[in-house]
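These notes are about the structure you will find just below.
Just so we're on the same page: letters track the sequence lines, and every chain starts at 1.
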Amino acid sequence: MALMKAVRGTRDLLPPETELWNRVERTACDVFARYGFGEIRTPIFEDTQLFARGVGEETDIVSKEMYTWEDRARAQSEKSQSLTLRPENTAGVVRAYIEHKLAETGLLQKLYYIGPQFRRERPQKGRYRQFFQIGAEVIGPPSAGSESPLRDAEVLEMLATLLDALGIAGWTLELNSVGSATDRPRYVQALREALIPVAASLCDDCQRRAVTNPLRVLDCKVPEDQPVIETLPKIADFLDDASRAHFAAVRSALDACGVPYHVNPRLVRGLDYYTRTTFEFTHGGLGAQNALLGGGRYDGLSEMLGGPRAPGIGFAIGADRLVLTLQAMDSAARGDEALLDVYVAPIGEAQQNAALQLARELRRQGLRVELGDGSFRIKKAFEMADKRARSIILLGEDELQSGQLTVKTFASGEQTKIARDEIGDYLCRAMRVGEQN
RNA sequence: GCGGCUAUAGUUCAGCGGCAGAACGCCGGUCUGUGGCACCGGAUGUCGUGGGUUCGAACCCCACUAGCCGCCCCA
């Protein structure tokens, strides 16, 4: 049988990389908790219709990037059902909001999630077929303040706080408003018309986009095209009064709390449900996948899914990209953290049980302990210990008889004998001092 | 889904038609209760997979698979 491998676009995450993942997730949970968010866990697959209606039938995600299968009927009374691995989590959260009648609480719901999502795209760096998102949604009845621009600003401020807490330096917040559900189609139509007379002067890609997806012309990076693009209609001119006021209020709130942002009139998100505020936090060094996270407001999504009016705003962080960015920045910084506190080395198999017992006591004191093997020769025990831990306890025949254990700290090379009963306290102290250096 | 580049030891890579290599890592020894440093020795492997050309293929050709870069799209 051929060697089994993780399927295309999926991968294993192993130590020590998983340590970084844990740090990212822990930091996110801590920050979210300070803003009153609670965790939600929705199923990894849903009825296909949820995504078709929520994300948009015509989007690339739904039309060609979903893992969809027919879950066949197993009994006469059962109907087969089209199921899909979730390509994003907002639709699932809103479905749960409706299903559990959370609107009836009258409260603003602040929910965050962490988990895998699935899209059948061509894999690249920072783009996988199973990828991980950390996201959050603020959603509720208008009477709870869910429509307020203050919610938008608070979410953006929280994200700035999170990226800073993780030590991501040099992020940029790109901000725009795509207007109401009726503003955007009007704009797309105007854009399409404005492109007709000028398309011929644009690059090949843009000539194609002008027809298939005029909004993407705005993303064009070809320098020669920029003067023409500048002359195209701006979405800002198509916002109704309410959307215009909302956007102004978001900006003013961000100004007031000192979160820097860049208004990018070309930032137009691809999912159908977005209204008004849209945003993206970007970072260089990710190549073509420069977006660390993206999100926006979705005032009509609940109703699109058959629920009550429940405006909301949310975001999804590409955890894979966040980790890549941290790895690129951190590469030299880590190393010692992976080391355990102490390696307990029984010398001779007769000492093994005593060693396990000692390791158990030390671990109960909170020390990180690796246990050797009595069959190892002394030299080998030291070599193993030096690779895995910051110190070694030698547990040989002499030590067992005298009750005085040999302890050596690698960083200093210092070696002493310590009474067995005091060894835990001694190590706790020694490791704390070591950490400060 | 489309285009380009790539695939050789555990890892990073050299070799580009004539014996499968280096560095690091790994194992052993110098050193029988002492790691790191040094020195000595050892094992690495379907050269991504399958086919073709050739006296002879890691090397040239084709297909497939996977990774990377870009397009589409998106976190």
Discussion item. Please give the distance between the P atoms of B:A7 and B:C61 as a whole number of Å.
Written reply: 13 Å
Worksheet item: CZ of A:F118 versus P of B:A75: gap in Å, rounded?
Response: 17 Å
Fill in: Distance, C1' atom - from B:G41 to B:C31, rounded to whole angstrom
15 Å
Discussion item. When you compare the side chains of A:S180 and A:D183, does any donor N or O come within less than 3.5 Å of an acceptor on the partner?
Written reply: yes
Worksheet item: Can you list every pair that meets ring pair (Phe, Tyr, Trp, His ring centres under 6.0 Å) and has a residue in residues 404-424 of chain A, with sequence neighbours left out?
Response: none
Item to complete: Mind calculating the distance between CZ (A:F131) and C1' (B:C74) to the nearest angstrom?
Response: 8 Å
Practice prompt. Report yes or no: is the cationic atom of A:R41 (NZ for Lys, CZ for Arg) closer than 6.0 Å to the six-membered ring centre of A:Y113, at no more than 45° off its axis?
Written response: no
Item to complete: Write down the distance separating the C1' atoms in B:C64 and B:A9, rounded off to the nearest Å.
Response: 25 Å
Practice prompt. Give the rounded distance in Å between these two atoms: CZ of A:R129 and C1' of B:C73.
Written response: 14 Å
Discussion item. Does B:A75 have its OP1 or OP2 closer than 4.0 Å to a side-chain nitrogen or oxygen of A:R321?
Written reply: no
Response to the item:
note: A:M66, atom CE; B:C74, atom P; distance rounded to Å ~ 14 Å
Item to complete: Spell out protein contact along nucleotides 27-36 of chain B as letters: B when the base is contacted, S when just the sugar-phosphate is, - when no protein heavy atom is under 4.0 Å; keep the 5' to 3' order.
Response: S-S---BBBB
Worksheet entry | Of A:A319 and A:K64, the one whose closest RNA chain B nucleotide lies more 5' | A:K64
Practice prompt. Rounded off to whole Å, could you give me the CH2-to-C1' distance for the A:W171 and B:A75 pair?
Written response: 17 Å
Practice prompt. Please measure how far the C1' atom in B:A58 lies from the corresponding atom in B:G18, and state the result in whole Å.
Written response: 13 Å
Worksheet item: Atom NZ of A:K125 to atom C1' of B:A75: distance rounded to whole Å?
Response: 16 Å
Worksheet item: Rounding to a whole Å, what distance do you find between A:E121:CD and B:G70:P?
Response: 14 Å
Worksheet item: Are OP1 or OP2 of B:A75 and a side-chain N or O of A:Q117 less than 4.0 angstrom apart?
Response: no
Worksheet item: If we ignore angles and hydrogens, is there a donor and acceptor under 3.5 Å between the side chains of A:S63 and A:E57?
Response: no
Item to complete: Take atom C1' in B:U54 and the same atom in B:C60, then report the distance between them in whole Å.
Response: 10 Å
Practice prompt. Measure from the side-chain heavy atoms of A:R127 and tell me the nearest of B:G70, B:A66, B:C73.
Written response: B:C73
Discussion item. A:I378: which residues meet the side-chain contact (heavy atoms from CB on, under 4.5 Å) condition with it, sequence neighbours left out?
Written reply: A:I347, A:F382, A:L394
Worksheet item: ring pair (Phe, Tyr, Trp, His ring centres under 6.0 Å): which pairs involve residues 152-192 of chain A, sequence neighbours left out?
Response: A:W171-A:F281, A:Y187-A:F238
Worksheet item: If you draw the axis of the six-membered ring of A:Y426, does the NZ or CZ of A:R429 fall within 45° of it and under 6.0 Å from the ring centre?
Response: no
Fill in: P-based separation of B:U8 from B:U49 [nearest Å]
10 Å
Worksheet, complete the sentence: Once base and sugar-phosphate atoms are separated, protein heavy atoms under 4.0 Å mark nucleotides 3-11 of chain B, 5' to 3', with B, S and - as B--------
Practice prompt. Could you work out the separation of B:A43 and B:G10 based on their P atoms and round it to a whole Å?
Written response: 15 Å
Worksheet item: Do any pairs count as a side-chain hydrogen bond (donor to acceptor under 3.5 Å, both in side chains) and have a residue in residues 395-405 of chain A, sequence neighbours left out, and if so which ones?
Response: A:E399-A:T406
Worksheet item: Does any donor atom in the side chain of A:Y35 or A:E157 lie under 3.5 Å from an acceptor atom in the other side chain?
Response: yes
Discussion item. Judged by each residue's nearest nucleotide on RNA chain B, which is more toward the 5′ side, A:R120 or A:G294?
Written reply: A:R120
Worksheet item: Quick one: do A:E46 and A:R95 make a salt bridge, cutoff under 4.0 Å?
Response: yes
Worksheet item: What's the NZ-P distance between A:K5 and B:U49, to the nearest Å?
Response: 10 Å
Worksheet item: Counting side-chain heavy atoms from CB outward, which of B:A75, B:C74, B:G67 is closest to A:P123?
Response: B:G67
Discussion item. Give me the distance, rounded to whole Å, that separates B:C27 from B:G36 when you measure between the P atoms they each carry.
Written reply: 12 Å
Worksheet entry | Validation row, ring centre A:Y274 to ring centre A:Y298 under 6.0 Å | no
